[in-house]
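Counting from 1, the numbers follow the sequence of the chain as shown. Ligands are counted one by one from 1 in listed order, and the atoms in each one are counted from 1 as well.
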Amino acid sequence: MKAVSIVKKNKLLFLVALAYLVILVISPDKAIKSIGNSVYYLVEMLQVLPVIFLLTVVIEALVPKEMIMRGFGEKSGFRGNLLALLLGSISAGPIYAAFPISKTLLGKGASISNIVIILSSWAVIKVPMLANEAKFLGVNFMIIRWVLTVIVIFVMAYITGMIVKKKDLPVDSKKAETLEIKEDYCIGCGLCVKLLPEYYEMNQNKAVVTKMPEGKEAVLALKESIEKCPSKAIILNKEEIVS
Ligand code: SF4
């Protein structure tokens with residue numbers, strides 16, 4: 001029974017092994033070539049993945065959720081899209097390395113649209129790739145392809161963001177309170193910072209959020225600052241967070 005459950009759990013792996021066995025019987029030369037290719041990619045993955053997992057741990061432990069939400073969250077707007085494009089374009093390593101990082105960013109509040117932009121630019125418009133493309137196919141070709149690809153990536157990201165919700169992803173999701181300050185409304189009186197310096201700070205005469213509330217007590221503590229804000233600039237939202 002244990003063997004059956006192991007096979008069920010790893011059915012893809014067993015299917016691949018079976019395919020190799022079949023090829024080995026039908027055409028041993030092709031099977032040996034296939035195994036050689038698989039070993040090559042396995043070695044490549046073993047070289048890349050430890051670094052990627054280390055990076056995800058660093059993002060998880062050291063990069064505050066607020067920073068990711070500000071940079072890549074639902075409300076990061078076009079600036080967030082450009083940041084995602086930049087991150088994907090300057091990244092290094094094969095595309096499969098982007099998936100664990102994307103999951104970590106999603107868990108920290110990045111939007112689905114921005115994840116699509118990161119993954120797509122990582123896959124097709126990485127800077128080293130562009131340099132090689134210009135060398136072999138010419139600068140004009142590279143520029144036209146880059147511009148058209150970026151347009152398509154943005155369209156794809158917006159459509160995916162409209163269709164796919166975080167709750168649809170095969171990861172745990174929960175609703176969490178998120179704190180936001182409408183920059184245009186804030187008159188810079190500093191009252192919120194005085195009341196709760198652990199949640200707000202002033203930046204160029206505007207209040208900014210430095211920490212997200214965790215738990216009911218934190219939400220209650222924030223209520224006073226929300227109610228007392230003279231311009232009603234502070235807003236508490238409920239957002240879908242994956243973990
Ligand atoms: S209390 Fe409201 S208006 Fe005053 S600094 Fe804070 S957010 Fe801005």
Kindly determine whether Ser76 and Asn114 satisfy side-chain hydrogen bond (donor to acceptor under 3.5 Å, both in side chains), including the steps that lead there.
CA-CA 9 Å; Ser76 60; Asn114 283 334; 3.3 Å; yes

Please confirm if an N, O or S atom belonging to Cys189, backbone or side chain, lies less than 2.8 Å from atom 8 (Fe) of ligand 1.
no

Could you identify the single nearest non-hydrogen protein atom to atom 2 (Fe) of ligand 1 and state the distance to 0.1 Å?
Cys229 SG, 2.4 Å

I'd like to check which ligand 1 atoms, numbered from 1 as shown, lie under 4.0 Å from a non-hydrogen atom of [X].
{"X": "Ala207", "answer": "5 (S), 6 (Fe), 7 (S)"}
{"X": "Ser231", "answer": "3 (S)"}
{"X": "Cys192", "answer": "1 (S), 5 (S), 6 (Fe), 7 (S)"}
{"X": "Gly190", "answer": "4 (Fe), 5 (S)"}

Any heavy-atom pair between the side chains of Tyr200 and Leu179 that's under 4.5 Å?
yes

Does ligand 1 have a heavy atom under 4.0 Å from the side chain of Cys186, from its backbone, from both, or from neither?
both

Which heavy atom in Ala207 sits nearest to a heavy atom in Cys186, and how many Å separate them?
N-SG, 3.4 Å

Which heavy atom of Ala123 sits nearest a heavy atom of Met129, and at what distance?
O-CE, 3.2 Å

Return the option from Ile234, Leu195, Ile187 holding the heavy atom at the smallest distance from atom 7 (S) of ligand 1.
Ile234

Determine whether the side chains of Tyr199 and Thr210 contain a donor N or O and an acceptor N or O closer than 3.5 Å.
no

Is the shortest side-chain N to carboxylate O distance from Arg145 to Glu133 below 4.0 Å?
yes

